[in-house]
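We're numbering straight along the sequence, starting at 1.
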Amino acid sequence: MITPNLDKLAHGGVILNHSYVQPVCSPSRTAFMTGYYPFRVGLQHSVIWPLQPHGVQLNKTFLPQELKRLGYATHVVGKWHLGFCKWAYTPLERGFDSFLGYYTGSEDYYTHERTVGKCHGIDLRFNNSSLKTENSTYSTHLFARRAVDVINEHDTSRPLFMYLPFQAVHSPLQVPAKYSRMYEHIRDHQRRKYCGMVSALDEAVGNVTAALKRRGQLENTLIVFTTDNGGQTKSGGNNYPLRGNKATLWEGGTRGVSFVHGAGVGNPGSVRSDLFHAVDWFPTIVAAAQGKTSSAIDGLSHWASLSKGKPGPRHEFVYNIDQIKGNSAIRLGQYKLIEGPPGEPSGWIFPPTSWSGGKHIDRLWGSESAIMDRQNVSVYLFNLEFDPNEHYNLADVYPELVASLSQRLAEYHKQAVWPDFPPDDSRGDPAHFKGFWSPGWC
């Protein structure tokens, strides 16, 4: 992929080679914003769907609320996806000074419309007001433009926190033609569009960093880059050689791309292999801002590691505990234990290339899973130090280790609440709100 801006930031910063997120995005965003494992706040099962009357528990402090106490101006630009059925779930009520973006999980990149069943509406907001003037503006460009405006208008006598969760790269696969033309050698049309979307995102990141440089703030800015889940291979993404896909407990669904760059980061140009989980961003960012967080959260601060090169504090984390799916997983040191079905696809899906022609990803979907299903496997043990791509299930080889990890995972099960996953509620139909996806119905 052609990503000169991201490449420069990553290689001039610290790449986090073992950074983990949740299998899908609302749970990861919950972890980012609260520092809690999603299974402790009921958001571990799936994403928050547009008509579902719920959101992140209101008694949980969000990252911008913590930073505001430290004097920061706080802004969010892009995808929210943390609940919106009541105003109390929305960005301005959760610590942000401004918001330009959308509430739901996906939508048209140009019209900003979302359809769920028979419900159809526009999902685009500036602060609490619906926004009608950006129809036809590609969202990556729109969000980058807003981010640049925030930087240009900011009073530099105060510190700034900007959360910039771009819509890209997510289905539907849409991108201006000039970006997809950069990949004409890729014959698979989905992969070609996907790569174009990544390059459009890279250009947007370059525009944001250029704005920081023009204001003399780039060297004083800590930049954090992370995904929120593994790639969706049915929509142009790819995780090879990692196993699996978005929405699975395999490494391909949970091991994410991440780096830090800029102010305070020690040993630039290095790669760290410490375990890092999405819940760790909350205390790490607060520590970088010279604040402290509650010991009740699950996250651990890595700021001493990132700034001074000290050993990382994390040796264990829980991938997820989902009582509805009946699966869970834990990592302790080099070992990973999965209990229950990890999710589909469970194989290794090769990326489409210039020579693979029109071979569709769909043909490979589940190609390895049939083998695993016939074995009726319900417990997996992997040594990820020597087998990072999860080829060799060691559960039968080391039963005592399985028992020990299972017992440790059972302790976390005691902390897990039942998933908050209510049925759709027609009161959220945009038809009730002049054609916009809007709060105020739960």
Side-chain angles (χ1 to χ4, degrees), residues 6 9-22 27-40 60-67 69-70 72 74 159-165 219-230 251 254-320 329-336 384-385 388 412:
L6 290 170
L9 290 172
H11 295 297
V14 175
I15 295 172
L16 306 180
N17 201 35
H18 287 87
S19 178
Y20 286 83
V21 290
Q22 296 301 122
S28 287
R29 291 159 198 266
T30 300
F32 296 153
M33 286 291 110
T34 69
Y36 284 91
Y37 285 126
F39 67 80
R40 292 188 63 193
K60 294 296 182 284
T61 299
F62 269 33
L63 176 58
Q65 293 172 316
E66 197 69 50
L67 292 173
R69 297 187 185 118
L70 299 173
Y72 277 72
T74 58
L160 167 67
F161 171 67
M162 181 162 55
Y163 174 46
L164 181 53
E219 299 305 316
N220 194 38
T221 298
L222 173 65
I223 297 173
V224 171
F225 183 88
T226 179
T227 185
D228 61 353
N229 48 244
E251 293 294 283
T254 56
R255 184 175 168 186
V257 175
S258 185
F259 65 79
V260 294
H261 175 99
V265 174
N267 198 21
S270 63
V271 178
R272 292 195 68 98
S273 296
D274 308 308
L275 294 182
F276 196 109
H277 190 270
V279 295
D280 297 331
W281 285 119
F282 184 109
T284 299
I285 291 171
V286 171
Q290 301 183 350
K292 295 182 179 180
T293 53
S294 167
S295 60
I297 66 173
D298 298 302
L300 302 174
S301 172
H302 291 249
W303 188 236
S305 308
L306 298 176
S307 62
K308 300 177 181 178
K310 293 184 178 182
R314 182 167 292 285
H315 306 287
E316 170 187 278
F317 68 85
V318 178
Y319 288 80
N320 201 25
I330 190 171
R331 171 89 182 257
L332 179 59
Q334 67 204 61
Y335 291 102
K336 175 181 181 179
L384 295 180
E385 180 177 349
Y412 284 104

Work out which heavy atom in [X] is nearest to a heavy atom in [Y]; give both atom names and the distance.
X      : Y      : answer
Ser28  : Ala278 : O-CB, 4.5 Å
Glu219 : Ala263 : O-CB, 3.7 Å
Leu275 : Gly333 : CD1-O, 4.1 Å
Lys336 : Leu384 : CB-CD1, 3.8 Å
Asn267 : Val14  : O-CG2, 3.8 Å

Would you find a donor on one side and an acceptor on the other, under 3.5 Å apart, between the side chain of Tyr37 and the backbone of Val318? yes
Strictly distance-based, threshold 3.5 Å: is any side-chain N or O of Arg255 a donor or acceptor partner for the main-chain N or O of Asn17?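 The answer is yes, because a donor-acceptor pair under 3.5 Å joins these two groups.
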Hey, could you give me each pair passing salt bridge (charged side-chain N to carboxylate O under 4.0 Å, His left out) that has a residue in residues 304-315? Not counting sequence neighbours. Asp280-Arg314
Distance check, rounded to the nearest 0.5 Å: [X] atom [atom1] versus [Y] atom [atom2]?
X      : Y      : atom1 : atom2 : answer
Ser19  : Trp281 : OG    : CH2   : 6.0 Å
Phe32  : Phe62  : CZ    : CZ    : 12.5 Å
Phe282 : Thr34  : CZ    : OG1   : 7.5 Å
Ile285 : Leu67  : CD1   : CG    : 7.5 Å
Leu6   : Phe225 : CG    : CZ    : 5.0 Å
Arg29  : Asp228 : CZ    : CG    : 4.5 Å

Beyond-backbone contact of [X] with [Y], side-chain heavy atoms, under 4.5 angstrom:
X      : Y      : answer
Ile297 : Pro283 : yes
Gln290 : Leu70  : no
Ser305 : Pro313 : yes

Partners meeting salt bridge (Lys or Arg N to Asp or Glu O under 4.0 Å) with Arg272 (sequence neighbours left out): Asp274
Could you list all the ring-ring contact (aromatic ring centres under 6.0 Å, His included) pairs where at least one residue sits in residues 293-316, not counting sequence neighbours?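 Every pair satisfying ring-ring contact (aromatic ring centres under 6.0 Å, His included) with a residue in residues 293-316: Phe276-His302.
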Kindly assign one of parallel, tilted or perpendicular to the pair Tyr319 and Phe317, based on the angle between their ring planes and the thresholds 30° and 60°. tilted
Verdict with reasoning, Val271 to Ile15, per side chain to side chain contact (heavy atoms under 4.5 Å, CB included): CA-CA 5 Å; Val271 178; Ile15 295 172; 4.1 Å; yes
Can you tell which of Arg331, Gln22, His18 makes a side-chain hydrogen bond (donor to acceptor under 3.5 Å, both in side chains) with His277? Gln22
If you apply the rule side chain to side chain donor-acceptor pair (under 3.5 Å), what do you find for Glu251 with Tyr20, and how did you get there? CA-CA 9 Å; Glu251 293 294 283; Tyr20 286 83; 2.5 Å; yes
